[in-house]
There are 2 protein chains.
Amino acid sequence: MLSKSELKYYSSLLKKKFREEENKFIAEGKRLVEEGLDSNFNCELICITNQFRETNKELLEKLKSYNIRLELLTERDLQKLCDTKTPQGIVAIFQKPKRQIENTSINDSPIIVALDQIRDPGNLGTIIRTCDWFGIKTIVLSESCVEYFSPKVVRSSMGSIFHLDVIENVSLPEWLADHKKNYNLLLADLNGNDIKSHQINKRSIIIFSNEAHGPASNLETIVDEKVTIKGKGKAESLNVASAAAIIISYMSDS
Amino acid sequence: MLSKSELKYYSSLLKKKFREEENKFIAEGKRLVEEGLDSNFNCELICITNQFRETNKELLEKLKSYNIRLELLTERDLQKLCDTKTPQGIVAIFQKPKRQIENTSINDSPIIVALDQIRDPGNLGTIIRTCDWFGIKTIVLSESCVEYFSPKVVRSSMGSIFHLDVIENVSLPEWLADHKKNYNLLLADLNGNDIKSHQINKRSIIIFSNEAHGPASNLETIVDEKVTIKGKGKAESLNVASAAAIIISYMSDS
């Protein structure tokens, strides 16, 4: 059982402020919890409902084998830990990994994705999932991006959040300048060279910006090349997660 | 001014049932309304708030020039026509275009996108936007797709909804069988030939399915080829709108 104060403590993690103070976050649903448990993230607590216990006997045995605190909650109490209206009867609390820019072995990555002011959690989660699909290991987030471990990002990443190294709150201009020597810096932009004719000749950092605001002007002066996806229709732009999918797919060709 | 009963009538269009009965839908926000007015969709009514009127003098002159009924609403009344919590002070009512399968000149299209059971409105809107970017003119939706003119689809299409021909509520197996002679039928699937090695030799219909459920089994037997996006990471799948972006981008190469 969870005590009242424990329940209150864990449900506070639905708020960004507390996630940042406590360095923990919540993952909801069977799929996400399983992905988290199979990753190298530390899990502090798993909560399930009675109905979940009755209908997931096999998974339950697996959960027990992890030797992690496992608590039975009423549906009403579990709901207090959930961001969705129809939770699947299972929630887990994970610790955020301790990563520092200098500790992350980014030098092993042929492609790094850097995100500038991506504020929509669904877009961020989808980009994380795309990076994971193409085997990209590292994502760098500028200061004004949406929080990486917010419930909607975690959910829309479909578990990929547990597979990537993230470096948050980075001042992109300085960080990019530091890596210009070893990486080709590519900025996705509406005006640039056609990505389809881009020659991949060394390791690259690809930067995607907020589609509404466009790239910060100080980024344009730092990058080596601007790349674009040529279109021929009437749309003013692509969704940033769609643009990222196309460009990452091309860059993963070689 | 709108009468009480008019306001009630138009706000009923936030519900799918009434949109289908009345064949009308609502577009919220400056960008969407402008895109709609510039399209060949019929606009029945534009509603603005006083604040919008004061801060958009130039656009107001343009709106007046269209000769469409223009009404001033209080913020509170405008909110009744809105699906978002922070509307931008402008809303318009459009008539759905009357399109029938047989009337749509799909034969002009080198690429048609068919969607099977796409239920997430954000994904549908994003796919519409991607199609528009690459100049695809026609989208075909299976019976169980989310409604094309629902507020969230309209919004996430960023106006592209006004640029494409849509054929809704199609029984895909029969429809595809009818078009097999003139089109190469490609089904995006986790198991298929690498899209990057696909030879584009004739007009194609590309079918995207619900990522959670996979393609309906009766589709697999009809299509000419299954295509896939090869990955090398740990993600189980790509988001369907991301997958569509990558495949449509490749198919638009030639």
Side-chain angles (χ1 to χ4, degrees), chain A residues 31-32 34-35 38-39 110-111 120-137 152 156-164 190 194-197 211-212 228-254, chain B residues 31-32 34-35 38-39 110-111 120-137 152 156-164 190 194-197 211-212 228-254:
Chain A
R31 163 80 181 277
L32 276 180
E34 281 196 88
E35 288 278 357
D38 288 340
S39 75
I111 299 175
D120 181 275
N123 281 341
L124 177 55
T126 303
I127 293 173
I128 294 166
R129 190 173 166 193
T130 299
C131 286
D132 191 20
W133 180 262
F134 287 106
I136 291 172
K137 301 279 183 219
K152 206 179 165 195
S156 54
S157 85
M158 297 290 277
S160 289
I161 199 113
F162 292 110
H163 306 155
L164 268 70
L190 282 172
D194 188 351
I195 183 68
K196 294 183 182 179
S197 54
E211 57 212 295
T228 196
I229 299 160
K230 296 286 179 201
K232 50 189 172 188
K234 289 187 195 164
E236 271 187 30
S237 65
L238 282 163
N239 166 282
V240 65
S242 301
I246 293 169
I247 291 181
I248 292 169
S249 161
Y250 270 94
M251 293 296 293
S252 303
D253 254 356
S254 59
Chain B
R31 163 82 182 274
L32 276 181
E34 281 195 272
E35 288 279 357
D38 287 338
S39 75
I111 298 175
D120 181 275
N123 281 340
L124 176 55
T126 303
I127 294 174
I128 295 166
R129 189 172 166 194
T130 299
C131 286
D132 191 20
W133 180 263
F134 286 107
I136 291 173
K137 301 279 182 219
K152 204 176 166 198
S156 55
S157 85
M158 297 288 279
S160 289
I161 199 112
F162 293 111
H163 305 155
L164 267 70
L190 282 172
D194 187 352
I195 183 68
K196 293 183 181 179
S197 54
E211 57 212 297
T228 197
I229 299 160
K230 296 286 179 203
K232 51 188 172 188
K234 290 186 194 165
E236 272 187 29
S237 64
L238 281 163
N239 165 284
V240 64
S242 301
I246 293 169
I247 292 182
I248 292 169
S249 161
Y250 270 96
M251 294 294 293
S252 303
D253 253 355
S254 60

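Just so it is clear, the structure is predicted and the values come from calculations on it, not from any experiment. Convention: sequence-line order gives letters A, B, ...; per-chain numbering from 1.
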Would you say that Glu35(A) contacts Lys234(B) through its side chain, given a criterion of any heavy-atom pair below 4.5 Å between the two side chains? no
With chain A, which of Met158(B), His163(B), Lys137(B) has the greatest number of heavy-atom pairs at distances under 4.5 Å? His163(B)
Search all heavy atoms of Lys232(A) against all heavy atoms of Phe134(B) and return the closest pair with its distance. CE-O, 3.4 Å
So what's closer than 4.5 Å to chain A heavy atoms on Ile136(B): side chain, backbone, both or neither? neither
Cut-off 4.5 Å, heavy atoms of chain B, and the answer for Ile229(A) is both
Closest heavy-atom contact between Ser242(A) and Thr130(B)? OG-OG1, 3.7 Å
Of Ile195(B), Leu238(B), Ile246(B), which meets side-chain contact (heavy atoms from CB on, under 4.5 Å) against Ser249(A)? Ile246(B)
Closest-packed option against chain B by number of heavy-atom pairs under 4.5 Å, given Gly135(A), Gly122(A), Ser237(A), Gly125(A): Ser237(A)
Which portion of Ser157(B) sits near chain A, non-hydrogen atoms under 4.5 angstrom: neither
Chain A contact via Ser160(B) - which portion, at a heavy-atom distance below 4.5 Å: side chain
CG of Asn239(B) to CG of Asn123(A): how many Å apart, nearest 0.5 Å? 9.5 Å
Select one option (side chain, backbone, both, neither) describing which atoms of Lys230(B) are under 4.5 Å from chain A's heavy atoms. backbone
